[in-house]
Amino acid sequence: GLGIDCRFCHTTVEVAGNAGLPPTYTCMTCHSQIWTNAALLAPVRRSLAENVPIRWRRVTDLPDYVYFNHAIHVAKGVGCESCHGQVADMPLMRKARSMTMGFCLDCHRAPAPRLRPPEAIFDPQWHRTPDTPSPAALMAHYRVGGRNLTDCSICHR
């Protein structure tokens, strides 16, 4: 609800296979000012006071035999909401989509309608407008295609 860019907390999402989890001091950048006494944030305050990293609970956990790389999805125009839902509207992060093989294959079979212009990848309020480049134009812009995205080796390595 505050309009914080995903990359503020997930600093490696554009350059690494995982999105990264923030260190406590990143959380406290905001939470030293807002919700300072919220019971929910007691573990964060304790982490900072004791200088012990937060043990994050995974919201989405893929099996070990699945290879997933956040950076390539972001680089190819896939917005965060495609998999994570409307995070900006979640008071507490929750799993919004079922990360099954079928879910991934649906997108890999037809990625074009899900692609966004580069400036909209991290925009949680983005919606396609008449000015949005066509799905075909976005496929060309991101050079998606020329490779079978449903080959087993794309996700299973």
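FYI, the numbering just counts along the sequence from 1. Side-chain atoms are counted along with the backbone in the values below, which use heavy atoms only and exclude waters and symmetry mates.
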Ignoring hydrogens, what is the shortest heavy-atom contact between [X] and [Y]? Give both atom names and the distance.
{"X": "Thr60", "Y": "Arg58", "value": "O-NH1, 3.4 Å"}
{"X": "Pro22", "Y": "Cys27", "value": "CG-SG, 4.2 Å"}
{"X": "Ala16", "Y": "Asn69", "value": "O-OD1, 3.5 Å"}
{"X": "Pro133", "Y": "Ala137", "value": "CB-CB, 4.2 Å"}

For residues 17-44, which residue pairs pass the salt bridge (charged side-chain N to carboxylate O under 4.0 Å, His left out) check, not counting sequence neighbours?
none
Quick one: list whatever passes ring pair (Phe, Tyr, Trp, His ring centres under 6.0 Å) with [X], sequence neighbours left out.
{"X": "His156", "result": "Tyr65"}
{"X": "Phe8", "result": "none"}
{"X": "His31", "result": "Trp35"}

Under a plain distance cut-off of 3.5 Å, with no hydrogens placed, do Thr26 and Thr29 share a side-chain donor-acceptor pair?
no
Partner set under salt bridge (Lys or Arg N to Asp or Glu O under 4.0 Å) for [X], not counting sequence neighbours:
{"X": "Asp131", "result": "none"}
{"X": "Arg55", "result": "none"}
{"X": "Arg97", "result": "none"}
{"X": "Arg45", "result": "none"}

Under the 3.5 angstrom rule, does the side chain of [X] hit a backbone N or O of [Y] as a donor-acceptor pair?
{"X": "Asp151", "Y": "Ser153", "value": "no"}
{"X": "Thr12", "Y": "Val15", "value": "no"}
{"X": "Ser32", "Y": "Met28", "value": "yes"}
{"X": "Arg116", "Y": "Ala120", "value": "yes"}

Could you give the distance from [atom1] ([X]) to [atom2] ([Y]), rounded to the nearest 0.5 Å?
{"X": "His108", "Y": "Met101", "atom1": "NE2", "atom2": "CE", "result": "11.0 Å"}
{"X": "Met90", "Y": "Arg94", "atom1": "CE", "atom2": "CZ", "result": "4.0 Å"}
{"X": "Ile4", "Y": "Cys9", "atom1": "CD1", "atom2": "SG", "result": "6.5 Å"}
{"X": "Asn148", "Y": "Arg109", "atom1": "CG", "atom2": "CZ", "result": "10.0 Å"}
{"X": "Gln86", "Y": "Cys80", "atom1": "CD", "atom2": "SG", "result": "10.5 Å"}
{"X": "His73", "Y": "Cys104", "atom1": "NE2", "atom2": "SG", "result": "7.0 Å"}

How about OH on Tyr25, more than 12 heavy atoms from neighbouring residues, nucleotides or ligands closer than 6.0 Å, or not?
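Incorrect, the count does not exceed 12.
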Is any side-chain heavy atom of [X] closer than 4.5 Å to a side-chain heavy atom of [Y]?
{"X": "Thr24", "Y": "Pro53", "value": "no"}
{"X": "His84", "Y": "Lys95", "value": "no"}
{"X": "Arg143", "Y": "Lys76", "value": "yes"}
{"X": "Arg147", "Y": "Ile154", "value": "yes"}
{"X": "Leu62", "Y": "Tyr67", "value": "no"}
{"X": "Cys107", "Y": "Ser82", "value": "no"}

Using the rule that Ile, Leu, Val, Met, Phe, Trp and Tyr join whenever any side-chain heavy atoms are under 4.5 Å apart, tell me whether Met99 and Val66 fall into a single cluster.
yes
ILVMFWY clustering at 4.5 Å (side-chain atoms), partners of Leu40:
Leu92
Residues sharing Phe122's hydrophobic cluster, by side-chain heavy-atom contacts under 4.5 Å among ILVMFWY, directly or via others?
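Grouped by the 4.5 Å side-chain rule, Val13, Val74, Val78, Leu115, Ile121, Leu138, Met139, Tyr142, Val144, Leu149 form the rest of the cluster around Phe122.
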List in chain and number order the residues that pass side chain to side chain donor-acceptor pair (under 3.5 Å) with Asp106, two or more places apart in sequence or in another chain; answer none if no residue qualifies.
none
Which residues satisfy the side chain to side chain donor-acceptor pair (under 3.5 Å) test with Ser98, sequence neighbours excluded?
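Counting only residues at least two positions away or on another chain, Ser98 forms no side chain to side chain donor-acceptor pair (under 3.5 Å).
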May I ask you to decide whether Glu81 forms a salt bridge with Arg114, counting only side-chain N to carboxylate O separations under 4.0 Å?
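No, Glu81 and Arg114 are not salt-bridged.
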